2 protein chains.
Amino acid sequence: MSERPLLPILGQDVRERSDAARNRKALLEAAQRLVDHCGVESVTMDAVAEAAGVGKGTVFRRFRTRSGLMAALLDQFEADWQASVIGGPPPLGPGAPPRERLLAFGRSRLEQNLRGAALIRAASTAAPARNYAVYSFAATHLRYLLDQLDVAGDIALLSTALMAPLEVVILEQQIEIEGMDVERIAAGWEDLAERIIARRRS
Amino acid sequence: MSERPLLPILGQDVRERSDAARNRKALLEAAQRLVDHCGVESVTMDAVAEAAGVGKGTVFRRFRTRSGLMAALLDQFEADWQASVIGGPPPLGPGAPPRERLLAFGRSRLEQNLRGAALIRAASTAAPARNYAVYSFAATHLRYLLDQLDVAGDIALLSTALMAPLEVVILEQQIEIEGMDVERIAAGWEDLAERIIARRRS
DNA sequence: CATCTAAACGGACCATGGTCCGGTTTCATT
DNA sequence: AATGAAACCGGACCATGGTCCGTTTAGATG
């Protein structure tokens, strides 16, 4: 399971020196261990460096920033979910009619975002390009579904309109401050989806 | 054994000591000056403290965190906008039919969020309760409009669905990464609003 | 194998957000 | 005015993210 970003990133690449590759793997493993063990927020870069038996500078060379490192972990975390969207069982995976896939997508994405909330938050500060990759997959899939459904209008924007209420910031506000429960939010999303897909191309 | 008048619990903190009030004002002014002059991101807490002629500890005592201070500035920034929603000229202010007010709300909120983007971002890290206030006003007003329009469904959720795509994070992604222009986003929002308000209570 | 270069390494160093605590100030009460 | 206590103040101090640069190493070339 290579951890190269799924989407082709323009240019660069070239090939990583063997020591660099070894260190990157060690760092990711160490970071994952620390996250599992202490929780995302209490994982410091120094700790990761030490746990990987590597200098601090190396961590920053590999991942640029703390959120960059977290984004790398997030990529791994998302891999399973992406796989089940691409090739898993219906209705999330292929095989079900688009409308059912859409509804399954919403619920599943909602849960996935909540599961990865801490990681997502830690990965989101700055570095807009990096965690765009993970967002991008979901957005692309969603656009595909809307297109399949012959939805009329600006599909890129409508897709954003469906993704936005599933963002962690929004979800946590609803759950923690307004005291909504997940079921209500999921049902509300489905209603939203219905309203959006109600207008079709003639 | 003095009895402080028991004000409504929500407000708490009945009265501020005069020196504290003076310092808070000085800090807010200094911070605003620095923000105007150097931009939000390059304003450090030490700088604010010094510019206000006050110890660093005082800044943190008053505003708790950096984002707390930014949230305070944001409150001031939002005051004008809130006033024009409550009592400004139509269609944003009262007097226009709800549907027109709704559409004006979207566009106006979109622009307002973009104008305050840097401040909003700086205020948003952690401290969920603080910047909830500014969010809350817009959300409440939106719910009111949806209610006026006899929109069917879970109005709190639908209101969130309309607010979420206007969040700074989302907007900047669309503008900077996907290269959309503001006009397109605004038009898309209006379309979204139309779809949402299309279903009314019988 | 000797050599050379670009890349990687490490850890000292810096900047900044946030905490702590001894001393000071406000202000209600007497 | 004197008093007492709660609130406030300041700046030294700590933790952590991020930078810098002299040194080491992979691996290509002859």
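Computed from a predicted model, the values in this text were never measured in an experiment. Within every chain, numbering begins at 1; the chains are lettered A, B, ... in the order of the sequence lines, protein sequences first and strands thereafter. Just so it is clear, the values below take in all heavy atoms, side chains as well, and ignore hydrogens, waters and symmetry mates.
In this structure, B:Ser18 does not reach the C:dT26 phosphate: none of its side-chain N or O atoms is under 4.0 Å from OP1 or OP2. The shortest distance between the side-chain N/O atoms of B:Arg61 and the OP1/OP2 oxygens of D:dG10 is not below 4.0 Å. Listed pair A:Asn23 / C:dA8 fails the phosphate criterion, with no side-chain N or O lying under 4.0 Å from OP1 or OP2. Between A:Arg64 and D:dG17, a side-chain N or O to OP1/OP2 separation shorter than 4.0 Å is absent.
At whole-Å resolution of the value, CG in A:Leu69 and C1' in D:dG18 are 14 Å apart. Remark: C1' of D:dT16 and CD of A:Glu41 are 15 Å apart, rounded to the nearest angstrom. Taking atom CZ on B:Arg66 and atom C1' on C:dT19, their separation rounds to 18 Å, with Å as the unit. The nearest whole Å value for the distance from the CZ atom in A:Arg62 to the P atom in D:dT19 is 15 Å. Atom P of nucleotide D:dT16 and atom CE of A:Met70 are separated by 13 Å, given to the nearest angstrom. Following rounding to the nearest Å, A:Phe63 (CZ) and D:dT16 (C1') show an atom-to-atom distance of 19 Å. One can place CG of B:Leu27 at 13 Å from P of D:dC8, the figure rounded to the nearest angstrom. In this entry the distance linking CZ of B:Phe60 with P of C:dC21 reads 17 Å, nearest Å.
At distances below 3.5 Å, not a single donor-acceptor pair connects side-chain atoms of B:Asp154 with backbone N or O atoms of A:Gly188. Using modelled atom types, one side-chain atom of A:Arg66 and one backbone atom of A:Val43 make a donor-acceptor pair closer than 3.5 Å.
Note: A:Trp81 and A:Phe137 have perpendicular aromatic rings, judged against thresholds of 30 and 60 degrees for the angle between ring planes.
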Determine, stepwise, if the pair B:Gln112 / B:Arg109 fulfils side chain to side chain donor-acceptor pair (under 3.5 Å).
CA-CA 5 Å; B:Gln112 175 76 358; B:Arg109 189 75 209 144; 5.9 Å; no

CA sep, side-chain torsions, deciding dist, call: A:Ile170, B:Met163, side-chain contact (heavy atoms from CB on, under 4.5 Å):
CA-CA 9 Å; A:Ile170 308 285; B:Met163 295 280 289; over 6 Å; no

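Looking at which nucleotide of DNA chain C each of B:Ser42 and A:Gly57 is closest to, the 5′-most match is held by A:Gly57.
Between B:Arg143 and B:Asp147, none of the side-chain N atoms (NZ, or NE/NH1/NH2) sits under 4.0 Å from a carboxylate O, so this pair counts as no salt bridge. Salt bridge status for A:Glu172 with A:Arg121: present, with a side-chain N to carboxylate O gap under 4.0 Å. Between A:Arg99 and A:Glu190 there is no salt bridge, since no side-chain N of the basic residue sits under 4.0 Å from a carboxylate O of the acidic one.
The closest side-chain heavy-atom distance from B:Leu27 to B:Phe63 is below 4.5 Å. Here the side chains of B:Phe105 and B:Arg101 are not in contact, with every heavy-atom distance at 4.5 Å or above. A:Thr160 places none of its side-chain heavy atoms less than 4.5 Å from the side chain of B:Gln173.
Within 6.0 Å of the CD atom in B:Glu50, the count of heavy atoms belonging to other residues, nucleotides or ligands does not exceed 12.
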Show each protein N/O and nucleotides 4-6 of chain D N/O combination with a separation under 3.5 Å, one pair to a line.
none

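Taking every heavy atom of residues 43-56 of chain B and every atom of DNA chain D, pairs under 4.0 Å involve B:Val54, B:Gly55, B:Lys56, by number. Using a 4.0 Å cut-off on heavy atoms, none of the residues of residues 31-40 of chain A approach DNA chain D.
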